[in-house]
Amino acid sequence: MTPIQETIINKKTTNSPIWLMRQAGRYLPEFREIRKLNPNFINLCLNENLSSEITLQPLKRFELDAAIIFSDILMLPHGLNQKVEFKKDFGPQLGSLDLDDLSKVDEIDFIEKLYPIYKSIKKVSENNLIKNKNVIGFIGAPWTLLVYMINKHSPKKKLIKDFFKDEFLINRILIILEKFLKLHIDQQIKSGATVIQIFDSWAGLLEEKDLPNYIYIPTLNLVDYVKSLNVPVICFPRGVKNYKNYCDIIKPDAVNIDYDVNPISICKEINIPIQGGLDPKILLTDKENLKKEARRYLDVFKDHPYIFNLGHGVLPQTDPNMVDYLVKMVKDY
């Protein structure tokens, strides 16, 4: 069993495995070299040779316990034929949404469109660098994908006016998303993913009364599906107000926390394994501060099954030496 599986499945507390969200990315000069020659982000995600190489880059540098496949949650709408572009200094921009077109997408076409991602996972899983480590596949949660598909771009602080106006459209999209997210999960696991993480990046935008329809029910269906395939599932409902309620209802195998919650109260309230929490901005400070903040999480969770990670992705301006220092410090704790 890998260190991450020991933590999640056997609830082991003697050591904290570590991997980082966006560990393969713009803070690494070797990634920037590839990106310079491949400006189209979607094409890069669908280049199985380059995406597998990028996935493994951080494992060549740091003693991490997992590789997370270099891809994006928006590959799902791309697979459903909604136009997805990534614009410099703006982020994702999605095209118009046609329910008839969405309803016509069949499973074979969807798998074919995203097939390079599955081939990339297979390549990574067969690489020697993965010995005794996990390959993490992932999806966006239905709510977060719905936000992007209707909102057409990152909502930052709020949704477009009338977001909830067309209830029929929202419900149809959620049904379609569930079907194809299950397919996407299944294909990733068949290709070699040994853990699935569900990213709900915009969970914090919803009021308490809307959580059951948009987060609890749709996400629970997917968590149960991953569990039925005997693979651990980690959820990251970023910005959700009540992690305890979320875990009690959805029951993921582990939950990633963001940096706005108090780790002490999380440790008291939640029994399942915890992942993450450290503010990625701490990596932009100095080693002394990084050590102090990282130890705070390690100390709080020393008797709780814990996977070290961040409360959001590694920032592009991060110095790789700081990541190296963090990984070594967690390993030596």
Side-chain angles (χ1 to χ4, degrees), residues 4 17-36 38 41-42 44-45 47 50-76 84 86-92 117 120-121 124 129 133-141 144 148 154 156 188 193 195-203 234-239 254 256-260 275-285 290 293-294 297 307-327 330:
I4 287 175
I18 177 171
W19 69 278
L20 305 173
M21 292 182 279
R22 297 219 181 109
Q23 63 188 28
R26 285 179 292 175
Y27 74 104
L28 291 176
E30 56 269 41
F31 171 80
R32 292 197 297 272
E33 286 301 306
I34 291 175
R35 191 76 171 94
K36 224 182 329 191
N38 298 273
F41 183 76
I42 295 277
L44 183 55
C45 289
N47 181 324
L50 289 179
S51 64
S52 55
E53 184 185 331
I54 291 165
T55 300
L56 292 166
Q57 281 176 344
L59 276 79
K60 290 173 183 169
R61 275 182 178 258
F62 317 119
E63 208 189 321
L64 296 157
D65 290 295
I68 181 163
I69 202 68
F70 179 75
S71 184
D72 197 274
I73 62 170
L74 296 179
M75 296 312 291
L76 200 286
V84 180
F86 285 81
K87 295 191 169 172
K88 197 170 162 54
D89 303 325
F90 178 78
I117 297 171
S120 174
I121 293 172
V124 168
L129 285 167
K133 298 176 193 288
N134 285 96
V135 177
I136 300 174
F138 66 90
I139 57 163
T144 285
Y148 279 113
S154 172
K156 297 299 179 215
Q188 290 184 74
V195 172
I196 294 289
Q197 178 147 319
I198 300 177
F199 287 90
D200 213 345
S201 311
W202 300 113
I234 304 167
C235 287
F236 181 26
R238 186 165 72 101
N256 197 105
I257 56 173
D258 60 60
Y259 48 80
D260 289 327
Q275 175 177 277
L278 183 76
D279 187 336
K281 291 196 275 302
I282 303 293
L283 283 159
L284 307 180
T285 62
L290 175 59
E293 290 297 322
Y297 282 92
I307 299 162
F308 199 96
N309 206 315
L310 307 176
H312 199 19
V314 178
L315 295 162
Q317 59 271 46
T318 303
D319 178 354
N321 292 320
M322 290 291 274
V323 174
D324 190 47
Y325 179 79
L326 173 65
V327 174
V330 171

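Note that this is a predicted model, so its numbers are computed, not measured.
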Enquirer: Apply the test side-chain contact (heavy atoms from CB on, under 4.5 Å) to residues L44 and I34: give CA-CA distance (whole Å), side-chain angles for both, the deciding distance (0.1 Å), then the verdict.
Expert: CA-CA 9 Å; L44 183 55; I34 291 175; 4.0 Å; yes

Enquirer: Let me know which of I73, T144, N256 forms a side-chain contact (heavy atoms from CB on, under 4.5 Å) with D200.
Expert: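 The side-chain contact (heavy atoms from CB on, under 4.5 Å) with D200 is passed solely by T144 among I73, T144, N256.
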
Enquirer: With F138, which residues qualify under ring pair (Phe, Tyr, Trp, His ring centres under 6.0 Å), at least two apart?
Expert: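 Counting only residues at least two positions away or on another chain, F138 forms a ring pair (Phe, Tyr, Trp, His ring centres under 6.0 Å) with F199.
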
Enquirer: CG of L278 to CG of L290: how many Å apart, nearest 0.5 Å?
Expert: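 Going from CG on L278 over to CG on L290, the span is 6.5 Å.
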
Enquirer: Donor-acceptor pair, distance only, cut-off 3.5 Å: does the side chain of Q23 make one with the backbone of L20?
Expert: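 At least one qualifying donor-acceptor pair exists.
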
Enquirer: Between Q275 and Q197, do the side chains contain an N or O donor and an N or O acceptor separated by less than 3.5 Å?
Expert: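 Checked: Q275/Q197 side chains pair up, N/O donor to acceptor below 3.5 Å.
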
Enquirer: Can you tell me if D324 uses its side chain to pair, donor with acceptor, with the backbone of F62 under 3.5 Å?
Expert: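 Not confirmed, D324 side chain does not pair with F62 backbone.
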
Enquirer: Closer than 3.5 angstrom, by distance alone: can the side chain of D258 be matched with the main-chain N or O of G239 as a donor-acceptor pair?
Expert: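 Looks like yes, one N/O pair under 3.5 Å.
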
Enquirer: Angle class for the Y148/W202 ring planes (parallel below 30°, perpendicular above 60°, tilted otherwise)?
Expert: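 Plane angle over 60°, so perpendicular.
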
Enquirer: Nearest 0.5 Å please: distance from the CH2 atom of W19 over to the CG atom of L310.
Expert: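 The distance works out to 9.0 Å.
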
Enquirer: Would you compute the distance between atom NE2 of H312 and atom CE of M21 and round it to the nearest 0.5 angstrom?
Expert: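 H312 atom NE2 to M21 atom CE measures 8.0 Å (nearest 0.5 Å).
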
Enquirer: The test is side-chain contact (heavy atoms from CB on, under 4.5 Å); show your working for I234 and I198 and say whether it passes.
Expert: CA-CA 6 Å; I234 304 167; I198 300 177; over 6 Å; no

Enquirer: Could you tell me which non-hydrogen atom of A24 sits nearest to which non-hydrogen atom of I54, and how far apart they are?
Expert: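 A24 and I54 have their closest heavy atoms at CB-O, 3.3 Å.
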
Enquirer: Testing R61, R35, K60 one by one against E30 for a side chain to side chain donor-acceptor pair (under 3.5 Å), which residue passes?
Expert: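 Running side chain to side chain donor-acceptor pair (under 3.5 Å) over R61, R35, K60 with E30 returns exactly one hit, R61.
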
Enquirer: Closest heavy-atom contact between G311 and F236?
Expert: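 Looking at all heavy atoms of both residues, the shortest contact is O-CZ, 3.2 Å.
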
Enquirer: Do I69 and I136 pass the side-chain contact (heavy atoms from CB on, under 4.5 Å) test, and can you show the C-alpha distance, the side-chain angles, and the key distance before you say yes or no?
Expert: CA-CA 6 Å; I69 202 68; I136 300 174; over 6 Å; no

Enquirer: CD of E293 to OG1 of T285: how many Å apart, nearest 0.5 Å?
Expert: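 Those atoms lie 8.0 Å apart.
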
Enquirer: Restricting to non-hydrogen atoms, name the atom on Y27 and the atom on P29 that form the minimum distance, rounded to 0.1 Å.
Expert: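 For Y27 and P29, the tightest heavy-atom pair comes out as O-CD, 3.6 Å.
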
Enquirer: Is a side-chain N or O of Y259 found less than 3.5 angstrom from the main chain of P280, in a donor-acceptor match?
Expert: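 No, the answer is negative, given that no donor and acceptor are paired below the 3.5 Å cut-off.
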
Enquirer: Say you draw a straight line from OG1 of T318 to CG of L283; how long is it, rounded to the nearest 0.5 Å?
Expert: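 It comes to 5.5 Å.
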
Enquirer: Not counting sequence neighbours, which residues clear ring pair (Phe, Tyr, Trp, His ring centres under 6.0 Å) with F31? List them please.
Expert: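 So F31 forms a ring pair (Phe, Tyr, Trp, His ring centres under 6.0 Å) with F70.
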
Enquirer: Checking the side chain of D65 only, and the main-chain atoms of I18 only, is there a donor and an acceptor separated by less than 3.5 Å?
Expert: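 Confirmed, D65 side chain pairs with I18 backbone.
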
Enquirer: Please give me the minimum heavy-atom distance between G277 and Y297, naming the atom from each residue.
Expert: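 Shortest heavy-atom contact: O-OH, 2.8 Å.
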
Enquirer: Side chain of K133, backbone of L64: donor and acceptor closer than 3.5 Å?
Expert: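 Such a contact is found between K133 side chain and L64 backbone.
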
Enquirer: What verdict does the side-chain contact (heavy atoms from CB on, under 4.5 Å) test give for T55 and I68, after you've listed the backbone C-alpha separation in whole Å, the side-chain angles of each residue and the deciding distance to 0.1 Å?
Expert: CA-CA 6 Å; T55 300; I68 181 163; over 6 Å; no

Enquirer: Distance from S52 atom OG to I117 atom CD1, nearest 0.5 Å?
Expert: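 So the OG of S52 and the CD1 of I117 are separated by 12.5 Å.
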
Enquirer: Within the distance-only criterion (no hydrogens, no angle test), does the side chain of S51 pair as donor or acceptor with the backbone N or O of N47 below 3.5 angstrom?
Expert: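 Such a contact is found between S51 side chain and N47 backbone.
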
Enquirer: Check side-chain hydrogen bond (donor to acceptor under 3.5 Å, both in side chains) between D72 and all other residues, then give those that pass, not counting sequence neighbours.
Expert: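 Counting only residues at least two positions away or on another chain, D72 forms no side-chain hydrogen bond (donor to acceptor under 3.5 Å, both in side chains).
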
